[in-house]
**Q** 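Following this message is one structure expressed as C-alpha cells.
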Amino acid sequence: MGKIYAVILAGGKGERLWPATLALPKPLLPFGGNGRTLIKATYDRVLPLVGEGNVYLVATRELAELLGAELGLHREQLILEPFGKNTAPAVGLAALVLGELDPAGTMLILPADHRIDDEEAFRRALLAAVKAAEEGYLVTLGIRPTYPATGYGYIEGAEPLFEAEGYVVHRAARFVEKPDHSLAEEYLARGNFFWNSGIFVWKFSRILEEIHRHLPGLAAALAELKSHLGKPTWEAALREAYSRAEETSIDYGVMEKAEKIATIPVSFGWSDLGDWHAIWEVLRRDREDNASVDVEVYGKDATGNLVFSLTPKRVGLLGVEDLAVVDTPEALLVGKRELAQRVREIARGFAEREPDWPELYKLDRNGMLGVMERFPEQCREALARGREVVFPRELSGFERIVVVGMGGSGITGDLLGLAFPEMEVITVRNYVVPRFIGEETLLVGVSYSGNTEETLAAFLDGLKRTKKALGISSGGKLAEICQKQGIPWIEIPKGFQPRAALGHLLFTLLGALEGLGLRAEGMDEGLSILSRMAGELSPRSTPNRAQGLARALQGKVPVIYGAAGTTRPIAFRWRTQINENAKQPAFSAELPELCHNEIVGYELAGGLLPQIIRLFLRTSHDHPRVALRVEVLKEVLRRRRLSFLELHGEGETPLAQALSLLYLGDWVSVYLALLNGVDPTPVEPIAELKERLARESWEPWR
Ligand code: F6R
C-alpha cells in the first residue's frame, strides 16, 4: 500500500471576489478562520492526515512561489505548471510526478480556497474515501445540499457500497452540470443528489488510466513527458505537453465519463466561498448581522452588511442593509450582497476598459513618443559620431574617470561605469569634485544644455586638479569654457530634452572613448535589443507591455529596487523618468543596502502607504547573494501582503541587460504620463528653479 499525498490545486481567478483578488490571489484572502489565509486553513486541516512532506501544490510558477512561501513548502513540493489550463492537466501532471515517486500511492485533490467547519469530520471522510480508492474507485466527496443551489454541479448517488469511518460510500451514478432552479429543487427533494465539492480521492494509477481512456491529448502529452522527468529538458517538454493537452476540468473531462466512481455524502459545513455573499455567510456576525474582517465597523440602523478592507480602516455604516463593501488600495466595491454572483461583470467590465490610447497620444504635444521610438537610432548615430572624434594624445593614460553632470546628463556617468567594469568611474552630482582626484583622472563634463551651474562649477573645480579633461554638450557655457581653455569638446545635436538625449550623450562618449582604448562590451547586443524593443513598445503596438506596466503603476508610488553594481543606476533612471515624464512621485533604493534598513519599514508599510508598489530590476549578473536576498525579500513582502513587481533585463551582457531595463522604464514613464493626463516633455519646476537661481548672479566661470 502506498502513501497518501495531498495535492492542493490553486488556479482560478476569483473574479467574483473582485476587488480583493486584484491585490491578492483568492487562496491568500484571510477567510480561513482564526486569522488564517484560506490556503493555510486548507493545509492545516489536511496535515494530520498526510504529514508535512506529503502536501504538494500545483500552480503556475508565480502563484506557486507565493503560496508555497505562505505555507513554508520546499521547492520539491511545488509542481509548476507552465500556464493554467483548467484542472485536468493539473491533476494529470501531479499524478505523473508523484506516481513516479510512489506508484502505489493515493492522492487527495483539494481546492486551495474552500472553507470547512468540522475538520475532524472532513478528515474521517477522506479516510473513508482512501479506502474506496484502494478498491479502485474514483471518489468525490458529495456535499449534502442545504438549499436548491444553481451554482454547483451535482453528483447522483446510487446504491451504498460499504461503510467506513462512520460514512457510507455510495456508487456514483453520474455527474451532472449546474442545474436551473426547478431542477435544483427536484435534486434537493430527491435526497440522493449531492454538490460536487471538487474534493477528489484516487490512486495515481487509476486516474492516469481514466485520463488515458478519456483525454487522449493529455494522456499522450503525459507519456511523452515521462522521459523528461528530472532532466534539464523538463521545462521545455512540459510547455510542449501543456500546449497539447485538452483544456478541461477533471470533472467534465474524466469524472462524467469514468467507470467505477463513488461518492461519500458529507455534511461537515462546507463553502467554496465563491462570492461575497458566501463569505458573509461563514463569517462571525454581530447582533445586527453585520460581518467584517480587519476593519472597525460602527453601524447605526445598518444590518446584514459585509465589510472587508485590505488595509485597517474605520467604516461607518448608516442606514444601509445587506451590502457588500470591499475596499482595497486599488478599488472599492459597493453592491447588494444578494447580487454577489454578478460581481464578475464588474471585474470584467473594468478589465476590458483599456484606456483610449490613441486619444491619450494627443497629450504628447512635444513629441516625446517619437523621440522614444527613435532612441535606438539616436544611439547608433551617436556611436558613429563618437567614433569620428580624435582626442589629443595627452588625454590617454588615466586610471579613473570622474564624470560631472546633473539629472538626465549625470546618468551618463553611471552608465559609463556599467559599460567599463574594469575602470573606476565616479559620477559627481555636486558643485565640487572630491579632493582626491589628480592628474591620473580623466574629467568629463556632461551637460546637455551646457549651462547647468553645478556641472560647470564642478568641471572648473576639477580642472584645477587634472588637465586630462573633455566636455560634451549641445553648446552653452561648457562649450565656451572648453574652447577657451583648449579642452576637447564634443558637440551633440540641439532640440532635445536632456533626459531624452541620453543616447547622444552616452553613445557619443562610448564611441569617442574607444579612441582612448576603452571598449564597452555588449554595445552591439544592446543596440539590437533596443531596436526590437522600439517595435514592441511603441504606440504602433498598442496595447503593449510598457503600457501594461504603466497601468500597474498608475496611482501608486513606485519604489524601484536596483542591485549595487548592476541595476542601481537603472532603478535611479526609472525613478527620475517617472518623476520628470509622468510628474509622479517615485523613489529608488539599492540592494543589498536596503536589507539593513528599509525592510524594517515594511512593518507598518501596508497601513501607512498602501499605494507603494515595489519593483525589482534584475539581471543575470547580479551578485548571487543579492539574487538570493531578492528571493527572501519577495517572501517577506508576500507575507506582509505588500505588492511588488519583478523585471528582468534582456540579453546576455551586463550592458545589454541594463539598457533593456532602462529603455523599458523610459517607455513606462512616458505612458504613465499620458495615463496621468500630462504631456511628458515639459519640466517646468526644473526650469523655474534654474531661472530663480540665475537671478542671484553667481558665475565662477567668468
Ligand atoms: C530635463 C532633465 C534634467 C536635466 C538637468 C541638467 O530633461 O533631464 O534632469 O538633465 O536639469 O541639465 P543639463 O542636462 O542641461 O545639464
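The first residue in the sequence is number 1, and the count goes up from there. None of these values were measured; they are calculated from a predicted model. In each ligand, atom 1 is the first atom listed, and ligand 1 is the first ligand listed. The analysis underlying the following values was restricted to heavy atoms, covering all of them including side chains, and did not include hydrogens, waters or symmetry mates.
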**Q** Any heavy atom of T455 sitting closer than 4.0 Å to ligand 1?
**A**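 Checking ligand 1 against T455, which is what was asked, there is no heavy-atom contact under 4.0 Å.
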**Q** Number the atoms of ligand 1 from 1 as they appear, then name those within less than 4.0 Å of a heavy atom of S447, with their elements.
**A**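 Per the distance check, 13 (P), 15 (O), 16 (O).
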**Q** Please list the nearest protein heavy atom to atom 2 (C) of ligand 1 with its residue and the distance rounded to 0.1 Å.
**A**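 The protein heavy atom lying closest is E580 OE1, 3.0 Å.
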**Q** Give the atom numbers and elements of ligand 1 that come within less than 4.0 Å of a heavy atom of T452.
**A**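 Going through ligand 1 atom by atom, the ones under 4.0 Å from T452 are 6 (C), 12 (O), 13 (P), 15 (O), 16 (O).
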**Q** Should the pair E688-R692 be classified as a salt bridge under the 4.0 Å nitrogen-to-oxygen rule?
**A**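 Result for this pair is no, no salt bridge flagged.
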**Q** For atom 15 (O) of ligand 1, find the nearest protein heavy atom and state the residue, atom name and distance (0.1 Å precision).
**A**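 Protein heavy atom at minimum distance: S449 OG, 2.7 Å.
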**Q** Check this for me - ligand 1, G408, N or O atoms closer than 3.5 angstrom, yes or no?
**A**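 Yes; at least one N/O pair falls below 3.5 Å.
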**Q** Which atoms of ligand 1 are found less than 4.0 Å from any heavy atom of K690?
**A**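 Listed by number with element: 5 (C), 6 (C), 11 (O), 12 (O).
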**Q** Less than 4.0 Å between a side-chain N and a carboxylate O, is that true for D524 and R380?
**A**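 Salt bridge absent between R380 and D524.
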**Q** Do other residues, nucleotides or ligands put more than 12 heavy atoms under 6.0 Å from E521 CD?
**A**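 Not buried by this count: 12 neighbours or fewer within 6.0 Å.
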**Q** Looking at every heavy atom in both K583 and E580, which two are closest together, and how far apart are they?
**A**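 Residues K583 and E580, closest heavy atoms: NZ-O, 2.8 Å.
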**Q** How far is atom 14 (O) of ligand 1 from its nearest protein heavy atom, and which residue and atom name does that atom have?
**A**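 Of every protein heavy atom, S409 OG, 2.5 Å lies nearest to atom 14 (O) of ligand 1.
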**Q** What part of I686, side chain from CB on, backbone N/CA/C/O, both or neither, has a heavy atom under 4.0 Å from ligand 1?
**A**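 I686 to ligand 1: side-chain contact only, backbone stays beyond 4.0 Å.
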**Q** Do you know the tightest heavy-atom contact between L674 and Y361?
**A**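 L674 and Y361 have their closest heavy atoms at CD1-CD2, 3.8 Å.
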**Q** Should you measure from each heavy atom of G407, which atoms of ligand 1 turn up under 4.0 Å away?
**A**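 Close to G407: 9 (O), 10 (O).
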**Q** Looking at R385 and E491, does any basic side-chain N land under 4.0 Å from a carboxylate oxygen?
**A**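 Looking at E491 together with R385, the answer is no, because their closest N to O distance does not fall below 4.0 Å.
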